[in-house]
Every structure is written in C-alpha cells, then in structure tokens.
J.: 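This structure is in structure tokens; I'll ask about it shortly.
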Amino acid sequence: MTPFSPDRLLPRYIQTFDAYVPSRPDPELMKMYGCSRVFRLNNNENALGPPPQAQEVLRRFPPKRAAIYPSGDAFYLRQALAQRFNKEADQFLVGNGANEVISFVIKAFCEQGDNIITADKTFAVYEWVARFSGLEARLVPLRDFGFDDAAMLARMDERTKILFLCNPNNPTGTYWDQTRFRRFLDRVDGRAIVVADEAYAEFVEADDYPDGMSLMETYPNLVVFRTFSKMYGLAGLRIGYLAGSPAVVDAIRRTCIVYSVNAVAQEAALAAVRADDHILRTRQMVRDGKAYLYRELKALGLPLISGEGNFLMVRLPFSDTLAYRKLMTQGVMVRTMTTFRFPNFIRITISSPEAMEALITALRGMLA
Ligand SMILES: *Cc1c(COP(=O)(O)O)cnc(C)c1O
C-alpha cells in the first residue's frame with residue numbers, strides 16, 4: 001500500500017496556509033519559563049471577569065442540563081438583544097464567538113473568484129477565513145494607523161462582496177467617526193456588504209463614535225459584529241453575535257449550523273446584556289491603567305500607539321519575539337505584533353493595577 005498523504009486532496013490555498021498557534025495553558029507556561037504566575041495581557045480579556053449577574057448564573061447552572069441541547073437559535077438572548085437595541089430578534093445571529101460569525105458572513109456572500117477588502121494591519125481573522133476559503137483578501141495599508149477609506153473604495157470591483165472595518169481597530173485603537181463612516185457607506189452605495197466589527201464598542205468613550213446598530217436602519221448593507229468576550233468577560237464561553245437588516249440576516253442564517261453556542265454561554269450572556277454598571281467599572285479600570293502606562297512608558301522612553309479599546313501598542317528597541325520570551329520569565333504574557341505586520345511592537349491588554357505594575361517592572365528590567 002502506498003503511504004497516504006493528504007496533499008493530493010488539498011486545495012493549494014490550504015497547502016500553503018499556516019495554522020494559528022495558540023498559547024499553552026498556564027501550568028505549561030510556568031514550567032517552560034520558570035515563573036510562578038501568568039498575567040495574560042495578550043488577548044484583551046477583562047480582568048474584572050464577567051458581570052456579577054452572569055457569575056451568579058454560572059454558579060447556579062443545573063449540572064444535569066448539560067445533557068440537553070441548547071436553544072439552537074439563542075432564542076431568549078436574541079430577544080434581549082432586540083429589546084436592548086430596539087430591533088427585531090430576527091436581526092441578530094449568535095455565534096460561537098464573533099470569530100464564528102465572520103465565517104457565516106463570508107460563506108453566505110462569497111464564492112470562487114470573489115474578494116473581500118480589509119486593512120493590512122487589523123484583526124487577522126477576516127483575511128484568514130477568506131484565504132482558507134479560496135477567496136482573495138485585498139489588504140489596504142493603514143494610513144496614519146487607521147483604515148484608509150479612499151484606498152478601500154479604490155480597490156473595490158464587481159467581485160468585491162464584503163468590506164471589513166474594525167472599529168475601533170485592533171491593534172491600533174483608531175476609529176472612524178460618524179461623519180466618515182456615513183460618507184463611506186454612501187460611497188459604497190449598497191454595492192457590497194460593509195461589516196463594522198465593533199468588538200470594542202463598549203469601551204469607546206469618544207462621542208463622535210458611530211453607532212452601527214442605528215446606522216443599519218439607513219444602510220441595509222451594514223452588518224455589525226459584537227462580542228461577549230471583551231467587555232463582558234465571557235471569552236472562555238465563546239459567544240458573540242452579528243446584527244443587520246432582516247433581509248441580510250435572513251441570508252446569512254442559511255450558513256450557520258445550529259447548536260454551536262452552548263447553553264451556559266447563552267444564559268451568562270443573557271444576564272450580561274444589561275450589566276451597565278459593569279461597563280462603567282471596567283472603563284474606569286481601563287482609564288486608570290492607560291494613565292499609568294502612559295506615564296511609566298514615557299519614563300522608560302518607549303513610544304506607544306493608543307486610542308480607544310482596552311489595549312495599546314508599544315514599540316521596543318529590539319525584537320518583539322525576544323521581548324515575549326523575556327517578559328514570560330517574569331510571568332507577563334503580551335501579544336507579539338510581527339504577525340500583525342508590526343515588527344518590534346507588542347500589544348498589551350489594559351488590566352488590573354497589579355498586572356500593569358508587573359509589566360512595567362519587567363520592561364524596566366529588560367531595558368536595564
Ligand atoms: C477579540 C476579537 C474578536 C473575536 O471575539 P470572539 O467573540 O472571542 O470570537 C473579533 N474581532 C475583534 C476585533 C477582536 O479583537
């Protein structure tokens with residue numbers, strides 16, 4: 001028998017695609033790097049955890065209910081979202097993290113020969129899903145660290161199906177204001193779907209930030225992504241959603257496999273939807289953390305890039321991958337930015353005072 005190799009069966013775009021390498025669990029990292037605890041500042045998680053209401057739901061979840069399939073369409077959660085955003089429940093689709101809804105949209109609208117447009121230095125999953133689906137991802141370079149509207153419009157052609165805007169942008173923190181976003185939607189003029197990934201919307205404090213949820217009433221080709229992973233501290237349960245006009249959501253719904261969102265996540269998210277006090281406390285932690293980092297990084301002479309969101313980027317005078325390993329020995333995990341096409345940069349989650357101090361102490365040690 002000839003030895004089996006899957007290569008012959010694989011499309012070229014899968015053969016040449018590199019898999020994402022996730023970080024190891026804490027106990028493995030502590031063994032590898034010889035540290036006694038790990039501050040995870042690599043994934044923009046909320047150090048305050050989920051809102052107390054959601055924590056209570058988690059404590060009380062009846063273990064026997066694990067045997068029962070969850071609601072296949074997150075029935076109650078969609079109703080709560082509809083009420084919160086003054087829409088119909090059918091305008092929402094809930095997924096296994098916002099990551100899953102990215103696939104839903106691409107599967108619904110794109111076929112061989114189509115393309116999507118996004119930035120070169122942004123959340124990478126739009127590009128990845130497009131590429132491993134055999135589609136062209138047109139990456140438009142950032143301009144002044146933000147999405148370049150004119151250049152994105154210039155790259156559109158009749159095969160462009162989706163434009164992905166990360167607003168505010170992960171990792172640079174820049175955002176398009178209301179005027180700029182409306183002008184962009186006017187110029188796209190319904191020729192393609194515009195996705196506004198608002199994973200960090202709940203952190204934004206600027207008052208000219210556009211509310212995608214209301215803009216979609218005027219622009220039915222607008223789709224908004226939100227997640228419970230960042231502000232709501234439910235990253236480990238994997239739950240996020242999209243919202244759009246009824247016709248667009250109806251089309252996307254055809255591509256989603258029901259039961260990808262577990263029952264515990266649905267209940268915790270339902271409790272989190274109205275936790276406005278949690279938003280205020282988290283914003284305060286982020287505000288304090290940023291003020292501390294601005295001061296301390298300046299004292300260390302390290303330039304930073306920061307805007308909206310619970311993260312910022314720092315430029316180092318040496319390689320980010322080397323910095324990662326050295327910071328890990330001090331129990332501080334950051335995101336290396338070479339993979340985001342920002343060599344020598346790291347991205348840091350704004351977290352608890354304790355974690356921020358550990359980071360600064362570790363950086364100071366490295367620079368000495
Ligand atoms: C974290 C993040 C997501 C994905 O969130 P999940 O709901 O955890 O899949 C999507 N978009 C951006 C910009 C993010 O930073």
Side-chain angles (χ1 to χ4, degrees), residues 20 22-23 40-47 49-50 54 74 77 81 92-106 116 118-130 137 139 142 145-147 162-176 194-204 209-210 212 223-243 256-257 260-262 264-266 268-269 272-273 282 286 305-313 333-337 339-342 346-351:
Y20 178 78
S23 66
R40 290 186 167 257
L41 305 180
N42 62 326
N43 275 339
N44 303 340
E45 295 149 351
N46 188 342
L77 178 58
L81 292 169
F92 296 87
L93 275 183
V94 182
N96 191 258
N99 268 312
E100 194 185 34
V101 304
I102 297 173
S103 301
F104 292 166
V105 182
I106 290 180
I116 63 122
T118 188
D120 61 341
K121 292 161 176 162
T122 186
F123 190 63
V125 180
Y126 328 122
E127 175 196 343
W128 292 343
V129 176
L139 306 182
L142 293 185
F145 297 107
F147 274 65
I162 312 171
L163 300 134
F164 284 95
L165 166 69
C166 188
N167 208 38
N169 188 34
N170 171 6
T172 55
T174 52
Y175 69 97
W176 283 358
V194 174
V195 168
D197 182 346
E198 301 183 346
Y200 299 96
E202 299 89 355
F203 292 94
V204 175
Y209 177 69
V223 172
V224 168
F225 292 171
R226 298 273 177 104
T227 179
F228 287 97
S229 297
K230 307 287 159 63
M231 175 58 83
Y232 295 105
L234 295 173
L237 298 186
R238 313 301 307 123
I239 183 163
Y241 60 97
L242 64 76
C256 60
I257 310 292
S260 71
V261 187
N262 71 75
V264 184
Q266 290 187 33
V273 167
T282 304
V286 171
I305 296 171
S306 170
E308 299 293 339
N310 63 338
F311 51 83
L312 56 75
M313 286 171 62
M333 182 190 274
V334 297
R335 173 69 65 181
T336 56
M337 287 279 102
T339 46
F340 275 75
R341 306 184 174 95
F342 274 116
I346 54 172
R347 191 194 63 203
I348 297 162
T349 304
I350 315 294
S351 181

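We count ligands from 1, going down the list as the structure has it; atoms in each ligand are counted the same way.
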J.: Tell me whether E45 is salt-bridged to R335, with the criterion being a basic N under 4.0 Å from an acidic carboxylate O.
T.: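 No salt bridge links E45 with R335.
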J.: Under 6.0 Å from the six-membered ring centre of F342 and within 45° of its axis: does the NZ or CZ of K121 meet both?
T.: yes
J.: Please check if the distance between the ring centroids of Y200 and F311 is under 6.0 Å.
T.: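 Ring centres of F311 and Y200 closer than 6.0 Å.
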J.: Which pairs count as salt bridge (charged side-chain N to carboxylate O under 4.0 Å, His left out) when at least one residue sits in residues 162-175, sequence neighbours excluded?
T.: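 Passing the test, one end in residues 162-175: no pairs.
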J.: Let's go through Y209 and N167 carefully: what are the C-alpha distance in whole Å and the side-chain angles of both, what is the deciding distance for side chain to side chain donor-acceptor pair (under 3.5 Å) to 0.1 Å, and is it a yes or a no?
T.: CA-CA 9 Å; Y209 177 69; N167 208 38; 4.7 Å; no
J.: Please tabulate, line by line, the atom pairs linking an N/O of ligand 1 to a protein N/O at a distance below 3.5 Å, with the distance in Å to 0.1, or answer 'none'.
T.:
from: ligand 1; atom 1: 7 (O); to: A98; atom 2: N; distance (Å): 2.6
from: ligand 1; atom 1: 7 (O); to: T227; atom 2: OG1; distance (Å): 2.5
from: ligand 1; atom 1: 7 (O); to: S229; atom 2: OG; distance (Å): 3.3
from: ligand 1; atom 1: 8 (O); to: S229; atom 2: OG; distance (Å): 2.6
from: ligand 1; atom 1: 8 (O); to: R238; atom 2: NH1; distance (Å): 2.8
from: ligand 1; atom 1: 8 (O); to: R238; atom 2: NH2; distance (Å): 3.3
from: ligand 1; atom 1: 9 (O); to: A98; atom 2: N; distance (Å): 3.1
from: ligand 1; atom 1: 9 (O); to: N99; atom 2: N; distance (Å): 2.9
from: ligand 1; atom 1: 9 (O); to: N99; atom 2: ND2; distance (Å): 3.0
from: ligand 1; atom 1: 9 (O); to: R238; atom 2: NH2; distance (Å): 2.8
from: ligand 1; atom 1: 11 (N); to: D197; atom 2: OD1; distance (Å): 3.4
from: ligand 1; atom 1: 11 (N); to: D197; atom 2: OD2; distance (Å): 2.6
from: ligand 1; atom 1: 15 (O); to: N170; atom 2: ND2; distance (Å): 3.0
from: ligand 1; atom 1: 15 (O); to: Y200; atom 2: OH; distance (Å): 2.7
from: ligand 1; atom 1: 15 (O); to: K230; atom 2: NZ; distance (Å): 2.9

J.: Is it true that the side chains of N170 and R347 contain a donor and an acceptor less than 3.5 Å apart?
T.: yes
